[in-house]
Amino acid sequence: MFIRNAWYIAAWADELGQKPLARRICDEPVVLFRDQAGRAAALVDRCCHRSAPLSKGELVPAGIQCGYHGLVFDGSGRCVAVPGQAHISDSVRVRSYPLVEKNQFVWIWMGDAAAADASRIVDFPYHDDKARWPNKHDCYPIRANYMLMVDNLMDLTHLGYLHAKTVGGNPAAHVNAEMQTTRTATGIKFTRWMRDSVPPPSYVKAAGFKGRVDRWQEFEWVAPSSVLQWTGAADVGTGAYEGKREGGFQFRLFHGLTPETETSCFYFWSCANGYRQNEPEATEQLYREIAPTFVEDKDMVEAQQARLDELGEQGLVNIVSDANRVVMRRFIERLLADEKGALAAE
Amino acid sequence: MFIRNAWYIAAWADELGQKPLARRICDEPVVLFRDQAGRAAALVDRCCHRSAPLSKGELVPAGIQCGYHGLVFDGSGRCVAVPGQAHISDSVRVRSYPLVEKNQFVWIWMGDAAAADASRIVDFPYHDDKARWPNKHDCYPIRANYMLMVDNLMDLTHLGYLHAKTVGGNPAAHVNAEMQTTRTATGIKFTRWMRDSVPPPSYVKAAGFKGRVDRWQEFEWVAPSSVLQWTGAADVGTGAYEGKREGGFQFRLFHGLTPETETSCFYFWSCANGYRQNEPEATEQLYREIAPTFVEDKDMVEAQQARLDELGEQGLVNIVSDANRVVMRRFIERLLADEKGALAAE
Amino acid sequence: MFIRNAWYIAAWADELGQKPLARRICDEPVVLFRDQAGRAAALVDRCCHRSAPLSKGELVPAGIQCGYHGLVFDGSGRCVAVPGQAHISDSVRVRSYPLVEKNQFVWIWMGDAAAADASRIVDFPYHDDKARWPNKHDCYPIRANYMLMVDNLMDLTHLGYLHAKTVGGNPAAHVNAEMQTTRTATGIKFTRWMRDSVPPPSYVKAAGFKGRVDRWQEFEWVAPSSVLQWTGAADVGTGAYEGKREGGFQFRLFHGLTPETETSCFYFWSCANGYRQNEPEATEQLYREIAPTFVEDKDMVEAQQARLDELGEQGLVNIVSDANRVVMRRFIERLLADEKGALAAE
């Protein structure tokens with residue numbers, strides 16, 4: 001069960017080039033491409049003639065051409081050419097999906113097209129600000145329901161265990177971090193503070209700290225599955241806790257989860273270097289540290305999915321650190337119930 | 001749903017040698033072998049003792065010996081030896097299937113054995129005439145329903161798109177070819193003429209044409225799934241259109257599709273060189289040109305099958321070039337209905 | 001359908017070391033490990049917090065620690081630590097399974113724990129007697145129901161066919177062996193004698209026989225799936241048949257089958273050298289001869305399972321050599337019926 005009336009990331013903008021891109025989203029086969037004007041489009045990945053996947057075809061001036069018998073469809077899904085046939089009925093078309101390109105993402109709407117409101121799309125201007133926030137991105141396919149990755153991001157205590165060998169550090173520090181949670185109209189925000197603490201070696205290396213620091217992780221979850229992360233540290237007592245977070249060490253991460261099937265998803269993520277912006281190597285280094293950490297998450301949620309497939313949720317218990325996760329899940333359940341209610345009312 | 005009361009190609013004659021051959025046909029496991037006299041036989045591939053596949057056994061003078069406990073079955077399916085047991089009841093047997101070897105093919109009948117009439121098997125004497133039609137053959141396993149490959153052969157407009165990089169040539173020439181279709185008692189025949197046209201480079205290379213040609217493709221589909229193809233070209237206006245097709249450039253293809261499961265089949269095909277019969281290299285060259293083309297067909301129908309599995313036929317539309325394909329499909333539906341009626345009447 | 005109220009081999013004792021071992025038994029995911037005191041334990045392989053497999057975690061002094069959020073469970077399944085949480089309810093626990101370590105095996109009980117009686121576990125002291133019976137062992141995963149391997153061991157006539165190229169020898173000798181079968185309280189025992197026979201080359205090589213021998217194979221099947229084998233030969237007429245089997249050539253095999261799923265199992269087997277105990281190379285040689293033979297069995301029962309999955313048992317017939325196999329299968333059916341009856345009575 002997915003929330004369908006929502007914007008999901010279909011692709012990174014730079015994934016759409018000279019060839020069609022096939023991607024299953026919310027369990028529907030979708031083909032993504034750019035028309036001649038460079039405008040991104042998304043159609044159901046199935047020619048309405050003989051069911052061949054359009055993604056096996058080619059991009060032509062008028063749109064996308066089926067690779068089997070040559071029918072051409074424009075970005076709206078209308079068939080604009082049938083070889084050997086002069087007249088084409090208006091009804092010859094394939095489904096198209098609302099698509100918005102913003103902040104290096106291509107966002108898709110899989111639900112009721114009339115309800116697709118582009119103003120509801122998350123803002124993440126940092127991707128476009130290459131001078132202040134040089135960044136790098138990736139997409140991991142994961143064989144687990146997308147909400148398991150959202151769960152993962154709502155409870156950071158896993159850092160001390162799952163990521164013990166990578167970014168983890170001291171489990172107790174993470175468990176005992178000071179936590180401030182706020183509900184928002186579109187999700188929740190929470191900040192974890194480790195004030196007056198010893199900076200981890202990687203922070204010292206990156207930012208040259210000489211002594212203790214005030215360290216923060218700020219997370220904003222926007223329903224259904226975007227998580228914006230802002231992490232950093234400053235010399236102890238220099239005002240970071242009160243809001244003064246310029247200078248020092250900081251980076252931003254974006255986590256976007258898109259359902260592929262009920263038991264698989266795409267994990268779109270980026271990291272933006274906010275501390276040594278003039279050094280491309282610093283951005284690369286940040287990426288190289290984070291990439292294997294997220295493989296650990298992928299690996300764990302896939303194992304978790306396998307057990308859930310078999311044994312379901314029965315007998316599972318919540319613990320103290322699940323607080324934000326539980327709020328998030330209730331929020332999602334409410335959205336699902338609303339969507340179901342709206343459908344029933346139609 | 002397969003037509004079961006029909007002859008299908010089980011194997012090329014030269015596939016049956018010193019070892020049993022396992023092949024699934026119409027979703028039944030079959031073992032093919034030759035007895036000591038060289039006579040081909042087909043049994044269900046399952047020992048009636050403990051269900052071991054007979055194809056894991058060995059050929060012995062009396063027939064095929066199960067590789068587990070040594071029971072032996074002759075070509076009729078009768079058990080002729082049980083180790084350590086003197087008496088063998090007549091009821092100890094496995095199912096055998098009618099089998100006819102003809103024109104280098106081994107044809108099998110999966111339906112009601114009483115209805116197996118060998119005179120209904122397609123004639124293709126060219127395979128046996130190695131002097132006039134030197135030929136080469138292959139068998140491709142395809143993960144798609146066998147009728148999708150028959151569809152493919154009934155609409156040649158795909159040549160300009162799917163085979164654009166191999167044998168395709170100019171899409172418009174294929175779309176605009178002059179088409180003559182005739183219904184026969186067992187299927188349909190259609191001829192496509194490209195008169196007074198520029199020969200493709202490969203024809204020029206093969207036959208040394210100096211100017212324009214009259215070019216033809218003659219197809220005969222014999223239900224359920226044999227397609228006999230005769231293709232060629234002659235110097236323009238030298239009488240090919242009126243029937244004089246000797247000399248010049250010509251070759252024959254045989255396409256035989258055998259259902260393996262509902263969503264997979266075997267594509268038995270051959271090519272016969274009718275232009276430079278004394279040059280084995282010309283036959284090899286013809287084979288090397290055609291083989292990758294048919295891989296393109298395999299690849300496309302497999303992608304088509306995947307979409308049909310998921311989305312069914314709903315919303316699909318026919319186009320002008322589907323005319324023969326639609327006639328063929330109706331013919332098949334009639335045969336299926338007849339077979340169902342015959343079963344109901346029993 | 002498995003017999004659940006039975007002891008099965010979960011692992012070789014030496015498989016439990018510094019890391020948790022994941023193994024599916026009777027279609028349940030199990031994690032096996034040793035606690036700090038070296039005591040083997042088995043828990044359901046699923047953390048009761050978020051369903052992560054415990055086998056992806058680590059062994060810590062207090063038990064096994066989940067690799068996701070750090071919960072710790074002791075060998076009884078009780079949760080003894082939740083990071084960041086002082087109080088842990090007694091109900092926070094995962095299922096544990098009775099486990100007994102004996103004769104180098106770790107035996108598990110998957111059924112009603114109250115009925116787990118360790119005195120019913122098979123004795124095989126030879127594994128512990130490294131001086132008199134130096135031995136070597138292995139575990140083969142097999143994609144077939146465990147009873148197909150028990151069937152295999154109940155009818156040795158397959159040696160002449162399936163193992164013709166390895167240990168087989170003359171098919172007729174195996175078929176005509178003198179057979180003595182005895183029923184026991186827990187299964188059946190049968191002895192096959194080939195008296196006054198020519199020893200196989202491997203026996204001559206191993207034991208230096210100069211002439212004919214009395215050769216035996218003694219099997220004891222203990223329900224549901226242990227088979228104890230004692231095989232040997234002595235110079236003809238020196239009293240082996242009457243019971244004097246010291247000296248000469250002899251070895252012991254243990255065959256233990258553990259259901260993984262309905263259509264897969266684990267084959268735990270060992271071979272013990274009872275003839276050249278002071279030569280480690282003789283033990284290795286025995287192992288090297290037997291290992292590929294059992295791969296032949298694995299390969300055949302996997303093919304058999306595939307056919308049974310598709311065609312079921314219908315139409316199968318028993319032959320003379322099935323006598324012990326049929327007795328064994330009836331014994332099993334009785335146990336299954338008893339277990340079902342006991343459940344119904346609860």
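These numbers come from a predicted model, not from an experiment. Here is how names work: the chains are called A, B, and so on, in the same order as the sequence lines, proteins then strands, and each is numbered from 1.
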Checklist entry - Among B:Asn318, B:Val301, B:Asp299, who wins on heavy-atom pairs under 4.5 Å with chain A? => result B:Asp299
Next on the checklist: With chain A as the partner, which of B:Ile319, B:Asp151, B:Leu308, B:Leu148 has the greatest number of non-hydrogen pairs under 4.5 Å?
Outcome noted: B:Ile319
Item to check | Nearest non-hydrogen partners of B:Asp322 and A:Arg50, listed with the distance | outcome: OD1-CD, 4.4 Å
Item to check | Distance-minimising heavy-atom pair for B:Ala303 and A:Lys56 | outcome: CB-CD, 3.3 Å
Checklist outcome for this item: B:Glu310 and A:Pro29 have their tightest heavy-atom pair at OE2-CD, 3.7 Å
Checklist entry - Does atom CZ of A:Arg95 have more than 12 heavy-atom neighbours from other groups under 6.0 Å away? => result yes
Next on the checklist: Working to the nearest 0.5 angstrom, can you tell me the gap between A:Ser55 OG and B:Arg307 CZ?
Outcome noted: 6.0 Å
Item to check | Over 12 non-hydrogen atoms of neighbours within 6.0 angstrom of CZ in A:Arg39 | outcome: no
Item to check | Within 6.0 angstrom of B:Gln314 CD, more than 12 heavy atoms from elsewhere | outcome: no
Checklist entry - Within a radius of less than 6.0 Å around CD of A:Glu302, do more than 12 heavy atoms belonging to other residues, nucleotides or ligands occur? => result yes
Checklist entry - What part of B:Asp297 lies closer than 4.5 angstrom to a heavy atom of chain A: side chain, backbone, both or neither? => result neither
Checklist outcome for this item: Distance col, row B:Asp155:CG vs A:His49:NE2, nearest 0.5 angstrom, shows 6.0 Å
Checklist entry - Hey, does the side chain of B:Gln304 reach the backbone of A:Ala52 with a donor-acceptor pair shorter than 3.5 angstrom? => result no
Checklist entry - When you look at CZ of A:Arg143, are more than 12 heavy atoms from neighbouring residues, nucleotides or ligands closer to it than 6.0 Å? => result no
Checklist entry - Can you tell me how far OH of A:Tyr68 sits from NE2 of B:His163, rounded to the nearest 0.5 angstrom? => result 7.5 Å
Checklist entry - Quick one: are A:Val82 and B:Val320 in side-chain contact, heavy atoms under 4.5 Å? => result no
Checklist entry - Is it the side chain or the backbone of B:Gln305 that comes within 4.5 Å of chain A heavy atoms, both, or neither? => result neither
Item to check | Reported OH-to-CD distance for the pair B:Tyr161 and A:Gln65, which is rounded to 0.5 angstrom | outcome: 6.0 Å
Next on the checklist: Counting neighbours of CE on A:Met1 that are heavy atoms of other residues, nucleotides or ligands and sit closer than 6.0 Å, is the number greater than 12?
Outcome noted: no
Checklist entry - Is it true that atom NZ of B:Lys189 has more than 12 heavy atoms of other residues, nucleotides or ligands lying nearer than 6.0 Å? => result no
Checklist outcome for this item: Turns out that what part of A:Ile88 lies under 4.5 Å from chain B's heavy atoms comes down to neither
Next on the checklist: What part of A:Cys47 gets within 4.5 angstrom of chain B, counting heavy atoms only: side chain, backbone, both, or neither?
Outcome noted: backbone
Checklist outcome for this item: The reported gap from SG in A:Cys48 to CG in B:Leu311 (rounded to nearest 0.5 angstrom) is 12.5 Å
